[in-house]
Amino acid sequence: MTAIIQLENVSYRYPIGEEWVLKDVSLEIKKGSFVSIVGNNGSGKTTLCNILRGFIPHFHKGELEGAITLEGQDLSGFQLGQLGEKVGFVFQNPFIQISGVKDNVFGEIAYGLENLGVPVEEIYERVEEVLTLVNIQHLRDKNPFELSGGQRQRVALASIIVMEPDILVIDEPSSQLDPIGTEQVFEIIRLMKEKGKTIILVEHKMDLVAEYSDELIVLDQGKVLMQGPTRDVLADPLFRKANIQYPHVTEIALELQEMGVDLNFVPIRDSEITTCFKHNRGDV
Amino acid sequence: MKQNPILALHPLTKFYLAVFITVSVIIVPSYLFAYAWFPILIIIAAIAGVAKSFISFISKTLLILLAIVFLMQLFFYPGDSVIGTWWIFEMSSEGLQYGLKLTSRILAIGAAFILFFRIVDVKDFVKALEDIGLPPTGAYIVLSTLQIIPEMRRQSNTIMEAQKTRGVETEGSLKVRAKAFFPTLTPLILSSIASTEERAITLESRAFSAPGPKTSLHQLTKRPIDRILNWTYLILSIGLLVWRFFL
Ligand SMILES: Nc1ncnc2c1ncn2[C@@H]1O[C@H](COP(=O)(O)OP(=O)(O)O)[C@@H](O)[C@H]1O
Ligand SMILES: [Mg+2]
């Protein structure tokens with residue numbers, strides 16, 4: 001698979017900030033892959049998302065160094081409007097993601113398509129589809145301002161995926177959602193991946209991150225601490241240094257390993273719990 | 001579809017009526033002519049089913065203004081033919097004439113536009129303006145303001161509640177409420193400013209500045225009646241001009 005996004009030695013400082021928020025970040029995201037970005041609060045995840053979507057340096061000025069390429073082209077060569085068709089960005093904060101010009105959810109989701117100049121009949125079809133996909137048909141006639149946080153989060157997600165960008169950048173989609181809602185959102189994201197989209201997800205819930213993502217990028221105080229296939233990153237002792245939670249099974253397995261239990265491999269998904277032990281007692 | 005014959009008109013047709021009334025009362029000097037528009041507007045409002053709110057709005061706002069303007073003209077307009085006195089002031093017939101003329105125009109024009117906003121959905125009107133070339137940014141500003149006003153009202157209620165729990169009086173006399181107004185205003189304005197940039201980014205995430213023409217789910221239809229009415233306004237305006245200046 002080819003790289004769809006590449007960052008080389010990217011550093012960034014906000015206009016009002018003293019410190020570099022991203023420091024010498026180099027990374028590669030493969031086309032069609034599901035990459036999760038993890039890291040503690042303030043490690044620069046949202047900032048990185050803003051760079052990928054072009055909001056840095058278009059909206060937030062500041063100092064940006066290094067090279068960013070999208071599909072082999074320098075990102076600075078793209079206009080903000082052009083990037084909108086390629087990269088969809090669902091923000092962390094669902095309360096600011098309402099256009100403010102539509103008085104119902106259906107129109108709200110259609111808004112991006114109207115801006116892209118999609119023919120009206122097609123807009124109706126695509127919005128219907130997405131309403132069903134994201135499971136918000138029941139909200140279609142509601143005023144977007146009158147939705148709860150979790151409902152807004154889904155509407156925001158729907159408003160972006162309806163535009164069918166090749167790359168989806170999603171910043172902590174589950175912050176306002178209950179466990180079931182979170183799982184549903186992950187299922188939707190997986191469907192997007194199956195459609196061939198490249199997914200870049202910021203998320204704290206490590207069980208789900210391990211379950212769904214192909215690759216992991218670990219940010220620590222603005223630096224890329226690790227990156228690679230999810231399993232490799234989680235198995236690497238360096239991961240412990242980042243002070244990020246392990247998936248529950250991994251944590252238990254690593255503890256058992258420390259106590260002397262032999263493992264075939266380090267499990268990262270719940271389903272692997274039965275096969276990771278050397279002497280599978282169930283066989284006898 | 002809207003069944004009401006007035007409401008179903010194209011927003012620009014409604015707008016041009018208000019413009020036509022304005023033009024006509026400026027061309028025709030007679031105050032009787034200008035006053036005559038008022039009952040006509042009431043009839044239109046009645047057909048549209050908004051007569052009650054139309055009249056009550058006018059009596060609450062325009063009427064006071066008209067009374068003040070009329071009295072000012074009556075007493076202070078320079079004129080020699082005195083027709084009466086009140087205390088130290090003299091009423092002149094010139095003042096009476098001018099007062100009638102001025103108030104008749106204010107009433108006609110004011111009522112025409114008040115009625116316009118009663119019978120038009122501002123969303124439709126903005127869409128109509130967009131169709132004839134208003135840039136999307138302009139349309140956005142109008143529409144978002146409309147959407148955000150109720151949102152701000154909700155927010156200010158929340159802030160009021162918060163102030164109340166902190167012991168700030170928010171109910172009672174005008175003075176008390178005015179005092180409570182400013183502590184409410186500051187957080188409201190600050191939060192509005194803070195959200196402007198976020199809003200710009202939100203819009204951008206919806207491809208607001210995407211190159212190329214936009215489409216819209218919201219379509220307005222222009223029917224033959226709209227064309228006929230618009231031509232009628234134009235021809236009548238020209239007719240009035242010709243009558244006034246050439247005949
Ligand atoms: N608009 C901004 N202006 C100045 N500093 C900012 C801004 N946004 C974030 N920062 C700073 O950048 C650092 C990284 O923030 P962020 O990217 O939001 O981290 P994360 O999403 O990983 O929690 C933090 O120290 C934060 O204070
Ligand atoms: Mg963040």
Side-chain angles (χ1 to χ4, degrees), chain A residues 49-50 53-56 58-60 78-104 106-124 127 143-146 156 159-160 162-165 168-169 171, chain B residues 121-131 134-158 187-188 190-221:
Chain A
C49 292
N50 273 308
R53 177 57 179 82
F55 292 153
I56 292 173
H58 281 281
F59 277 107
H60 305 282
F78 287 95
Q79 280 173 359
L80 207 52
Q82 290 176 302
L83 271 179
E85 293 177 55
K86 289 187 185 296
V87 187
F89 183 8
V90 186
F91 310 152
Q92 189 169 356
N93 179 352
F95 293 95
I96 59 166
Q97 295 190 69
I98 284 174
S99 69
V101 283
K102 299 291 182 172
D103 54 13
N104 61 63
F106 192 97
E108 178 70 22
I109 296 172
Y111 186 58
L113 297 179
E114 291 177 327
N115 284 332
L116 289 174
V118 173
V120 171
E121 313 83 66
E122 195 186 326
I123 294 183
Y124 278 108
V127 174
N143 187 327
F145 276 117
E146 285 161 6
S159 307
I160 298 299
V162 76
M163 292 160 71
E164 302 192 345
L168 268 171
V169 180
D171 196 356
Chain B
D121 181 348
V122 182
K123 272 193 302 179
D124 291 344
F125 184 52
V126 172
K127 174 71 177 104
L129 291 180
E130 248 186 302
D131 289 346
L134 176 75
T137 324
Y140 175 78
I141 291 171
V142 180
L143 289 179
S144 63
T145 311
L146 280 176
Q147 281 283 306
I148 284 162
I149 288 170
E151 172 68 7
M152 280 179 84
R153 192 170 299 149
R154 258 198 295 275
Q155 260 189 43
S156 84
N157 282 342
T158 315
L188 198 62
L190 284 181
S191 76
S192 308
I193 292 172
S195 61
T196 323
E197 190 181 41
E198 288 169 343
R199 198 160 283 284
I201 293 179
T202 301
L203 279 190
E204 211 35 73
S205 72
R206 304 293 189 74
F208 186 72
S209 70
K214 300 178 190 303
T215 47
S216 176
L217 293 186
H218 190 67
Q219 292 300 336
L220 297 169
T221 45

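Lettering follows sequence order; numbering is per chain, from 1. In what follows, every heavy atom counts, from backbone to side chain, and hydrogens, waters and symmetry copies are set aside.
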Keeping to residues at least two apart or across chains, list the salt bridge (charged side-chain N to carboxylate O under 4.0 Å, His left out) pairs with something in residues 85-103 of chain A.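 Checked against salt bridge (charged side-chain N to carboxylate O under 4.0 Å, His left out) - neighbours excluded - the pairs reaching residues 85-103 of chain A are A:Glu71-A:Lys86, A:Lys102-A:Glu114, A:Asp103-B:Lys123.
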Do side-chain atoms of B:Thr202 reach the backbone of A:Ile96 as a donor and acceptor pair under 3.5 angstrom?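 The answer is yes, because a donor-acceptor pair under 3.5 Å joins these two groups.
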Of the listed residues (A:Val162, A:Leu80, A:Asn93, A:Val87), which shares the most heavy-atom pairs with chain B below a 4.5 Å separation?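 Top count of heavy-atom pairs under 4.5 Å with chain B: A:Leu80.
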Between A:Gly112, A:Gly100, A:Pro119, A:Pro165, the one whose heavy-atom pairs under 4.5 Å with chain B are most numerous: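 The option with the most such pairs is A:Gly100.
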When you compare the side chains of B:Arg206 and A:Ser159, does any donor N or O come within less than 3.5 Å of an acceptor on the partner?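 A:Ser159 and B:Arg206 do have a side-chain donor-acceptor pair below 3.5 Å.
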Atom group of [X] that falls short of 4.5 Å from chain B, counting heavy atoms:
X        : result
A:Asn143 : side chain
A:His58  : neither
A:Leu113 : backbone

Can you name the closest pair of heavy atoms from A:Phe89 and B:Ser205 and give their distance?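 So the two residues come closest at O-CB, 4.2 Å.
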Does any non-hydrogen side-chain atom of B:Phe208 lie less than 4.5 Å from one of A:Ser99?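 Counting from C-beta outward, A:Ser99 and B:Phe208 never come under 4.5 Å.
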Indicate yes or no: at least one non-hydrogen side-chain atom of B:Ser216 is less than 4.5 angstrom from one of A:Val120.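 No; the side chains remain at least 4.5 Å from each other.
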For a side-chain contact (heavy atoms from CB on, under 4.5 Å) with B:Lys214, tell me which candidate from A:Leu116, A:Val118, A:Asn115 qualifies.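 Result: among A:Leu116, A:Val118, A:Asn115, A:Asn115 is the only option passing the side-chain contact (heavy atoms from CB on, under 4.5 Å) with B:Lys214.
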Assess the residue pair B:Ile201 and A:Gln97 against the criterion (side-chain contact (heavy atoms from CB on, under 4.5 Å)); give the C-alpha distance rounded to whole Å, side-chain angles, the decisive distance to 0.1 Å, and a yes or no. CA-CA 9 Å; B:Ile201 293 179; A:Gln97 295 190 69; over 6 Å; no
Winner by heavy-atom pair count (cut-off under 4.5 Å) against chain A, out of B:Val142, B:Leu203, B:Val126, B:Leu217: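 Among the listed options, the one with the most contacts to chain A is B:Leu217.
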If you tally heavy-atom pairs under 4.5 Å against chain A, which of B:Pro211, B:Ser209, B:Ala210, B:Ala207 wins?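 Maximum pair count with chain A is reached by B:Ala207.
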With a sphere of 6.0 Å drawn around CD of A:Glu122, does it hold more than 12 non-hydrogen atoms of other residues, nucleotides or ligands?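 More than 12 within 6.0 Å, yes.
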